[in-house]
Amino acid sequence: MQHPSYPLTLDLTGRRVVVVGGGPVAARRAAGVVAAGGVVDVIAPWLCEDLLASVQAGDIRWYDRDYVAGDLIEPRAAWLVHTATGSPDVDAQVAREAEAARIWCVRADNGAASSAWTPAVARGASGGPAEGLTVAVSGGGDPRRAAAVRDAVHAALDSGTLPVRRVRTLGKTPQHSAEPTVGRVALVGGGPGADDLVTVRGRALLAAADVVVTDRLGPRGLLKALSTDVEVVDVGKTPGHHPVSQDRINELLVHHARLGKHVVRLKGGDPFVLGRGGEEALYCAEHGIPVEVVPGVTSAVSVPAAAGIPVTHRGITASFVVASAHEGADHVVRAATDAAPDATLVLLMGVTRLGETAAALVRAGRPADTPVALIERGWTPDQRTTTTTLGHAAADAAAAGVTAPAVVVVGEVVSLRAVLGDLAGE
Ligand code: SAH
C-alpha cells in the first residue's frame with residue numbers, strides 16, 4: 001500500500017453487513033458488527049458454535065449455503081462485507097464483487113488485498129475514567145503488533161496515566177444523560193512526594209477530576225500532567241502560614257461539587273493520618289455531597305523507610321506510635337508513656353518544637369542516648385537524614401539547619417540505618 005490507510009468510525013446501526021464464512025474468525029467479526037448495531041447476514045454451509053448460538057439468539061441471520069454471486073447486493077445492498085471462508089478463491093471472489101459494487105471488504109485471508117481492515121480496539125471500562133472512549137490501533141499488516149499496543153492502551157486507559165477526562169456540561173443535566181447534577185469529592189492520599197507512590201485508584205480519579213484542591217506536600221509533579229482546563233486550587237500550608245483556612249477548604253470542596261464537578265482533594269501521605277481528611281469527609285457528608293477516600297502511603301511509615309529505618313523490627317520493637325508534635329510536648333509525652341517502653345515514636349510536624357519535645361521525652365523516662373533520626377523531604381531528590389540522640393537532637397538539628405517537612409523517629413530502630421542506608425529507589 002503506497003498511501004497511508006484512512007481511519008474512520010462507522011455508524012452501523014440498522015445497516016446490512018454480510019459475513020461470508022462460518023468459522024471462529026467470522027464469528028468474531030459478526031459479534032463486533034452486532035455489538036455496533038449492524039444487521040448481520042452470515043453466508044456459510046456450516047457454522048461454529050458461537051455463530052450458531054448467535055443465530056439461535058436471533059442476533060444474526062444465517063444463509064445455510066455457499067456464497068453465490070449477487071449475495072452482496074441481494075436482497076439489499078450491504079454496506080460492508082467480511083470474508084473469512086478459509087478459501088482464498090472464495091475470499092477473492094467476494095472481494096471482486098464487493099469492489100464492483102463499491103462495498104468495503106475486509107479479507108481474513110489476505111490483508112494486503114483488502115479494501116478495509118478491522119483495527120485492534122480498546123474501550124474504556126464502564127464506570128472507569130475512560131468510559132466512552134474507543135481507541136483503534138492499526139498494525140499496518142501486523143495484527144499482533146496492533147494487539148500488543150491495544151493491550152497497553154487498554155491498561156493505560158483505566159489507570160489514570162492518560163488525560164482521559166470527560167469535559168462535562170456543568171451546572172445542568174444534559175438531556176438523555178445519566179450524569180448527575182451533583183458532583184463528588186474524592187479525598188486522595190498522594191503519598192509522601194514521589195509521583196509514583198500514589199495508588200492506581202488515586203491516579204485514575206485525578207485523571208478524571210475537574211478540580212484538584214492540593215496541599216504543599218504530596219506528589220506535586222502529577223499536577224503538571226493535568227490538562228490545562230483542570231482547575232488546580234493550591235491551599236498549601238507552610239508552617240506558621242495558613243493561606244487557606246480549613247473552613248474555607250471544606251467550603252471549596254462542597255462549592256465545586258455542587259456545581260456538578262468531580263473534585264479531587266489531593267493530600268500528602270494518607271488523608272486520614274494527621275491530614276484533617278476526616279473533617280473534610282464529615283463536612284461533605286453533612287452537606288449531602290458524595291465523598292470517598294483513597295488511602296495513601298503515609299509519611300509516618302514511608303519516610304523512615306526511605307532512610308533505611310523500619311518502624312518495627314523483630315528483636316527491637318513490635319510497635320510504633322505516630323503522634324503530632326504540633327499539639328505540644330505534653331501530647332507527645334502522653335503518647336509515648338501510653339505505649340510500650342520500646343515502641344518507636346514517629347513524630348510528624350516535629351521540627352519547630354523539637355527541643356521542647358525531646359527534653360520532655362527525656363524527663364518522662366526515655367534515655368537521653370535513644371537514637372533519633374530527622375528525615376527531611378522524604379522521597380524527593382532533596383531527602384536528607386540527620387541522626388542524633390534525644391539528648392542532642394535540638395542542637396544537632398539547629399546545626400544542620402533541619403527544616404519542615406521532616407519526620408522525627410525516636411527509638412532503637414534508627415540504628416538499622418547505619419547498616420541499611422537510604423532505601424528510596426529512583
Ligand atoms: N497525612 C500526612 C501527614 C500530614 S502532617 C501523611 O500521612 O503523611 C504533615 C507532616 O507530615 C509534615 O510536617 C512532616 O512531618 C510529614 N511529612 C509529610 N510528607 C513528608 C515528606 N515527604 N518528608 C518528610 N516529612 C513529611
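Any value given below was found using the heavy atoms of this structure, including those in side chains, with hydrogens, waters and symmetry copies removed. We count ligands from 1, going down the list as the structure has it; atoms in each ligand are counted the same way.
The closest protein non-hydrogen atom to atom 3 (C) of ligand 1 is V273 O, 3.5 Å. Among all protein heavy atoms, the one lying closest to atom 22 (N) of ligand 1 is P192 O, 2.7 Å. With hydrogens left out, the protein atom closest to atom 9 (C) of ligand 1 is L217 CD1, 3.7 Å, a heavy atom. Nearest protein neighbour of atom 5 (S) of ligand 1, counting heavy atoms only, is L274 O, 3.5 Å. For atom 15 (O) of ligand 1, the closest non-hydrogen atom of the protein is A406 O, 2.7 Å. Among protein heavy atoms, the minimum distance from atom 21 (C) of ligand 1 is reached at G378 N, 3.6 Å. Closest to atom 10 (C) of ligand 1 among all protein heavy atoms lies M349 CG, 3.9 Å. Protein heavy atom in closest approach to atom 25 (N) of ligand 1: V407 CG2, 3.4 Å.
Comparing heavy-atom distances from atom 2 (C) of ligand 1 across G268, A404, G275 singles out G268 as nearest. The closest heavy-atom contact to atom 20 (C) of ligand 1, among the options P219, A307, G189, S299, comes from S299.
In the model, T389 has no side-chain atom that pairs as donor or acceptor with a side-chain atom of D369 under 3.5 Å. Inspection of the S227 and D229 side chains reveals an N or O donor paired with an N or O acceptor under 3.5 Å. Side-chain contact, D382 with T380: no donor N or O sits under 3.5 Å from an acceptor N or O. Between the side chains of D396 and T388, at least one donor-acceptor pair of N or O atoms lies under 3.5 Å. In the model, R107 has no side-chain atom that pairs as donor or acceptor with a side-chain atom of T83 under 3.5 Å.
Close approach to T298 involves these atoms of ligand 1, each under 4.0 Å from a residue heavy atom: 6 (C), 7 (O), 8 (O). Less than 4.0 angstrom separates some heavy atom of I375 from each of these atoms of ligand 1: 24 (C). Listed by number with element, the atoms of ligand 1 under 4.0 Å from a non-hydrogen atom of R377 are 23 (N), 24 (C).
By the ring-ring contact (aromatic ring centres under 6.0 Å, His included) test, F272 pairs with no residue at all, sequence neighbours left out.
Between K267 and E280 there is a salt bridge, with a side-chain nitrogen of the basic residue lying less than 4.0 Å from a carboxylate oxygen of the acidic one.
By the 4.5 Å heavy-atom criterion applied to side chains, K261 and E231 are counted as neighbours.
The stretch residues 305-320 participates, sequence neighbours left out, in these side-chain hydrogen bond (donor to acceptor under 3.5 Å, both in side chains) pairs: T317-D342.
Neither the backbone nor the side chain of Q383 comes within contact range of ligand 1; no heavy atom lies under 4.0 Å. When heavy-atom distances to ligand 1 are checked against a 4.0 Å cut-off, V303 comes that close only through its side chain, counted from C-beta outward.
Inclusion of E376 in the set of residues having an N or O under 3.5 Å from an N or O of ligand 1 is not warranted.
Shortest non-hydrogen contact noted between L354 and A397 is CD2-CB, 3.6 Å.
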